[in-house]
Amino acid sequence: SIDKYKSRFVVCGYSQVKGFDYESTFSATLRSTSFRLLMALAAGEGLSLDHFDVTNAFTQSKIDAEIYVTPPKGFTDYDKNGKPKILRLKKALYGTKQASRLWQETLSNYLIKELGFTQCKYDSCLYIKRKGEHTCMLGIYVDDIICAHNGNMLNWFKDKFTGDGGFNAKHLGKLSWFLGMAVDQSAKHVITINQSQYIDKLIKRFMPY
């Protein structure tokens, strides 16, 4: 009955109980120093930078616990006894505490096992794959992916990731903005980053006149 699972309506993660609805929640994000390192490596090796955004990333990984939620308004269904039915999650939803970790595991397993990337030992959000003289480096920040590439590696990654891999993601084109920093790329692979927009906000906030 619905009363049996009343305490487990956990689209709102604050209702989840550690050890019952989830075991662990930790997931890494790309460090700022690793981001700058990736920019330096791309400039040094003459790589171009592109940006991918994964659509509804958390929902693209399977949930690892028995989680029940109330149906959205307008979709309520009833059993033969007239009691409202509840839904069991098959995919991680935003709001569940383990969603970020599950997405990171799903993405990491695919990149390593299916595409042959090597994960950095010092930052788990950095990946690299070399095919002869061609290189593809990835920097991951939750659902944002930086792809540093040369040769045909961009098309290869795009076809594999959004095609064979079945991930729902958008290619946003050349990397121009990432985590509040503007990224400029020249034809000679000179890469510069700045926080001019953030500085402008501070000036307007503290020096309005």
Side-chain angles (χ1 to χ4, degrees), residues 10-16 22 24-61 91-108 111 117 119-120 122-128 135-150 153-154 157-158 161-162 167-209:
V10 291
V11 164
C12 297
Y14 55 76
S15 300
Q16 291 184 264
Y22 67 93
S24 59
T25 61
F26 174 79
S27 62
T29 54
L30 185 69
R31 301 170 187 169
S32 59
T33 51
S34 298
F35 168 73
R36 292 193 294 271
L37 173 63
L38 182 57
M39 298 297 101
L41 290 172
E45 296 195 22
L47 307 179
S48 299
L49 297 166
D50 277 70
H51 191 183
F52 288 83
D53 176 64
V54 182
T55 306
N56 297 323
F58 292 176
T59 62
Q60 299 192 50
S61 53
K91 299 285 187 176
L93 282 184
Y94 286 81
T96 49
K97 290 183 178 293
Q98 66 268 54
S100 182
R101 178 184 63 83
L102 293 174
W103 161 242
Q104 189 173 67
E105 286 183 354
T106 299
L107 179 60
S108 180
L111 294 176
F117 278 88
Q119 189 176 40
C120 177
Y122 305 101
D123 190 329
S124 59
C125 294
L126 287 175
Y127 299 82
I128 185 171
T135 301
C136 184
M137 297 182 188
L138 302 178
I140 313 293
Y141 193 94
V142 190
D143 55 0
D144 280 302
I145 301 177
I146 299 173
C147 179
H149 60 89
N150 63 4
M153 295 301 280
L154 174 64
F157 175 72
K158 184 178 179 180
F161 189 66
T162 62
F167 288 96
N168 186 7
K170 296 179 181 178
H171 178 211
L172 302 179
K174 294 294 183 182
L175 180 68
S176 59
W177 190 263
F178 193 77
L179 300 182
M181 287 180 278
V183 179
D184 295 316
Q185 305 178 60
S186 75
K188 296 182 179 180
H189 300 289
V190 175
I191 299 171
T192 60
I193 58 177
N194 68 77
Q195 290 183 284
S196 57
Q197 188 177 60
Y198 176 66
I199 294 171
D200 288 341
K201 287 183 178 179
L202 289 180
I203 291 174
K204 291 178 181 179
R205 178 181 178 185
F206 294 106
M207 301 176 64
Y209 304 107

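The first residue of the sequence shown is numbered 1, and numbering continues consecutively from there. Since this is a predicted model, take the numbers as computed values, not measurements.
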Q: Suppose the criterion is salt bridge (charged side-chain N to carboxylate O under 4.0 Å, His left out): which pairs have a residue in residues 184-198, not counting sequence neighbours?
A: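 Passing the test, one end in residues 184-198: no pairs.
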
Q: Would you name the heavy atoms of Thr55 and Gln60 that are closest together and state the gap between them?
A: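 That would be O-NE2, 2.8 Å.
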
Q: Donor-acceptor pair, Asn150 side chain versus Thr135 backbone, under 3.5 Å?
A: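 It does hold such a pair.
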
Q: Can you list everything that forms a side chain to side chain donor-acceptor pair (under 3.5 Å) with Ser186? Sequence neighbours excluded, please.
A: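 By the side chain to side chain donor-acceptor pair (under 3.5 Å) rule, Ser186 matches no residue at all.
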
Q: Which distance, rounded to the nearest 0.5 Å, do you find between the CZ of Arg205 and the CG of Asp200?
A: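 The distance works out to 15.0 Å.
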
Q: Could you go through residues 41-50 and list every donor-acceptor pair under 3.5 Å that involves a side-chain atom there, pairing it with any protein atom two or more places apart or in another chain?
A:
| residue | atom | partner | partner atom | Å |
| --- | --- | --- | --- | --- |
| Glu45 | OE1 | Arg130 | NH1 | 3.2 |
| Glu45 | OE2 | Arg130 | NH2 | 3.2 |
| Asp50 | OD1 | His149 | NE2 | 2.7 |
| Asp50 | OD2 | His171 | NE2 | 2.7 |

Q: Would you list the pairs meeting ring pair (Phe, Tyr, Trp, His ring centres under 6.0 Å) in which at least one residue belongs to residues 183-208, sequence neighbours left out?
A: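 Residue pairs passing ring pair (Phe, Tyr, Trp, His ring centres under 6.0 Å), neighbours aside: none found.
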
Q: For Ser61, give me all partners under side-chain contact (heavy atoms from CB on, under 4.5 Å), at least two apart in sequence or on another chain.
A: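 Per chain and number, Ser61 pairs via side-chain contact (heavy atoms from CB on, under 4.5 Å) with Ala92, Leu102, Trp103, Thr106.
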
Q: Among residues at least two apart in sequence or on other chains, which ones pass side-chain contact (heavy atoms from CB on, under 4.5 Å) with Lys91?
A: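 In terms of side-chain contact (heavy atoms from CB on, under 4.5 Å), with neighbours along the sequence ignored, Lys91 is linked to Lys62.
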
Q: Using side chain to side chain contact (heavy atoms under 4.5 Å, CB included), reason through Leu38 and Phe178 one step at a time and then give a plain yes or no.
A: CA-CA 12 Å; Leu38 182 57; Phe178 193 77; over 6 Å; no

Q: Working to the nearest 0.5 Å, report the span between CG of Asp123 and CZ of Phe35.
A: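 Interatomic distance, Asp123 CG to Phe35 CZ, rounded to 0.5 Å: 13.0 Å.
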
Q: Listed by chain and number, what are the side-chain contact (heavy atoms from CB on, under 4.5 Å) partners of Thr29, not counting sequence neighbours?
A: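 With sequence neighbours excluded, Thr29 shows a side-chain contact (heavy atoms from CB on, under 4.5 Å) to Tyr141, Val142, given in chain and number order.
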
Q: Between OG of Ser34 and CD1 of Ile146, what distance do you get to the nearest 0.5 Å?
A: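 Rounded to the nearest 0.5 Å, the OG-CD1 separation comes out at 10.5 Å.
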
Q: Can you name the closest pair of heavy atoms from Ile191 and Met39 and give their distance?
A: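 Heavy atoms of Ile191 and Met39 come nearest at CD1-O, 3.7 Å.
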
Q: Could you go through Val183 and Ser176, starting from their C-alpha distance and side-chain angles, then the distance that decides it, and tell me whether this counts as side chain to side chain contact (heavy atoms under 4.5 Å, CB included)?
A: CA-CA 5 Å; Val183 179; Ser176 59; 5.7 Å; no

Q: Look up atom CD in Gln185 and atom OG1 in Thr192, then write down how far apart they are to the nearest 0.5 Å.
A: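 Separation between the atoms: 9.5 Å.
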
Q: Under the side chain to side chain donor-acceptor pair (under 3.5 Å) test, which residues partner Asp144, sequence neighbours left out?
A: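 For Asp144, the residues satisfying side chain to side chain donor-acceptor pair (under 3.5 Å) (neighbours in sequence not counted) are His51.
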
Q: Apply the test side chain to side chain contact (heavy atoms under 4.5 Å, CB included) to residues Ser108 and Tyr127: give CA-CA distance (whole Å), side-chain angles for both, the deciding distance (0.1 Å), then the verdict.
A: CA-CA 9 Å; Ser108 180; Tyr127 299 82; 3.2 Å; yes

Q: Indicate the atoms forming the closest heavy-atom contact of Cys125 with Gln104, along with that distance.
A: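 Closest approach of Cys125 to Gln104: SG-NE2, 3.9 Å.
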
Q: Counting neighbours of NZ on Lys174 that are heavy atoms of other residues, nucleotides or ligands and sit closer than 6.0 Å, is the number greater than 12?
A: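 Result for NZ/Lys174: enclosed.
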
Q: Only counting residues at least two apart or in another chain, list the ones meeting side chain to side chain donor-acceptor pair (under 3.5 Å) with Gln197.
A: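 For Gln197 there are no side chain to side chain donor-acceptor pair (under 3.5 Å) partners, ignoring immediate neighbours.
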
Q: Could you tell me the separation between the CE atom of Met153 and the SG atom of Cys147, rounded to the nearest 0.5 Å?
A: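 With rounding to 0.5 Å, CE (Met153) is 8.0 Å from SG (Cys147).
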
Q: Is the backbone of Thr59 close enough, under 3.5 Å, to the side chain of Tyr94 for a donor and an acceptor to pair up by distance?
A: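 Side chain of Tyr94 to backbone of Thr59, a donor-acceptor pair under 3.5 Å: no, none is there.
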
Q: Between atom CG of Leu172 and atom CD1 of Ile145, what is the distance when rounded to the nearest 0.5 Å?
A: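 Between Leu172 CG and Ile145 CD1, I get 10.5 Å after rounding to 0.5 Å.
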
Q: What heavy-atom pair brings Ala99 and Phe58 nearest, and what distance separates the two atoms?
A: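 Of all heavy-atom pairs spanning Ala99 and Phe58, the closest is CB-CD1, 3.7 Å.
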
Q: The criterion is ring pair (Phe, Tyr, Trp, His ring centres under 6.0 Å); which residues satisfy it with Phe161, sequence neighbours excluded?
A: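 Counting only residues at least two positions away or on another chain, Phe161 forms a ring pair (Phe, Tyr, Trp, His ring centres under 6.0 Å) with Phe157, Phe167.
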
Q: Please enumerate all residues that pass side-chain contact (heavy atoms from CB on, under 4.5 Å) together with Ala40, with sequence neighbours excluded.
A: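 For Ala40, no residue satisfies side-chain contact (heavy atoms from CB on, under 4.5 Å) once neighbours in sequence are set aside.
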
Q: Would you say Leu37 and Tyr122 make side-chain contact, with heavy atoms under 4.5 Å?
A: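 When only atoms from C-beta onward are counted, Tyr122 and Leu37 do not touch, as no gap falls below 4.5 Å.
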
Q: Determine whether Asn56 and Asn168 make a side-chain contact, defined as any pair of heavy atoms from C-beta on separated by less than 4.5 Å.
A: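 They are not in contact (no side-chain heavy atoms under 4.5 Å apart), so the answer is no.
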
